[in-house]
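One structure below.
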Amino acid sequence: MADWLSSTEYARANRLTPQRVRQLLAAGKIPGARRIGERWAIPGDAAILRVSAGRPVAKDRLSRAARACLKALRSAGVHSMVTGSAASGGAHAQSDLDLLVLAHPGRTWAQVEEIAFAAAAPYGVPVDVVFAENLPPAVRTVMLRQAHAGPVR
């Protein structure tokens, strides 16, 4: 595997603008890219997925992906909750799945992300994993208020 690159380095290497790389990352079109806090780590040999416009993520697929992620994480001993648009009911066809990880005893951040990504992969839903321990207290409080730990509709 090639070295990991920042989004700016990846943009330079692929003759793209940093803004375009951020758009591709948000759309999940650079496989293997990992979000670490506010930054991205991208495999240097990652190719951009050139998928023709297809069916957007349906709300029911988002719900099924959320349930699968919560179940997989729970079985790994990770305490997590669904947050964002999937929890608030504001999900739309282009929504991703936002997970708030409250506790992950014995698991690294990368292991938790791998579990979540693998559980959501069959549904084609992009996942954003946020670790509560990295959030400022005020942000954590707001996210906990909007989070949903049970089955998602």
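These numbers were taken from a predicted model, which means no experiment stands behind them.
- Between the CZ atom of R20 and the CG atom of L25 there is a distance of 10.5 Å, given to the nearest 0.5 Å.
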Subject >> Verdict with supporting geometry, F131 and V112, side-chain contact (heavy atoms from CB on, under 4.5 Å) >> reply: CA-CA 10 Å; F131 292 87; V112 172; 4.0 Å; yes

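- The minimum heavy-atom distance between P31 and A47, with the atom names listed, is CD-O, 3.1 Å.
- Smallest separation of non-hydrogen atoms from R61 and V125: O-CG2, 3.9 Å.
- For the atom pair OG1 (T83) and CG (L97), the distance works out to 10.0 Å, reported to the nearest 0.5 Å.
- Between V21 and N14 the shortest side-chain heavy-atom distance does not fall below 4.5 Å.
- Once rounded to the nearest 0.5 Å, the distance linking CE of M81 with CG of L100 reads 7.5 Å.
- Residue I42 is not grouped with residue V127 when hydrophobic side chains (ILVMFWY) are merged at heavy-atom distances under 4.5 angstrom, including chains of intermediate members.
- Here S7 contributes atom OG and Q23 contributes atom CD; the two are 12.0 Å apart, rounded to the nearest 0.5 Å.
- Contact check for W4 versus P43: side-chain heavy atoms found under the 4.5 Å cut-off.
- Between the side chains of Q111 and H104, no donor-acceptor pair is found at a separation under 3.5 Å.
- Taking both residues in full, the closest heavy atoms of A68 and Y123 are given as CB-CE1, 3.8 Å, listed atom of the first, atom of the second, then distance.
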**OP:** Test side-chain contact (heavy atoms from CB on, under 4.5 Å) on S63 and R67 and set out the steps.
**Re:** CA-CA 6 Å; S63 296; R67 287 191 298 272; 3.7 Å; yes

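- Minimum heavy-atom separation, L99 to C69: CD1-CB, 3.9 Å.
- The closest side-chain donor-acceptor pair between R22 and Q19, if any, does not fall under 3.5 angstrom.
- Taking 4.5 Å as the limit, some side-chain heavy atom of I30 sits within range of a side-chain heavy atom of Y10.
- Closest approach of D96 to P126, counting heavy atoms only: CB-O, 3.4 Å.
- For I115 against A76, the heavy-atom pair with the smallest separation is CD1-CB, 3.6 Å.
- Cluster membership check: V130 shares its hydrophobic cluster with V139, using side-chain heavy-atom separations under 4.5 Å among Ile, Leu, Val, Met, Phe, Trp and Tyr.
- Within the 4.5 Å cutoff, the side chain of V82 has heavy atoms near those of the L70 side chain.
- With hydrophobic clusters built from ILVMFWY side chains whose heavy atoms lie under 4.5 angstrom apart, F117 does not share a cluster with W40.
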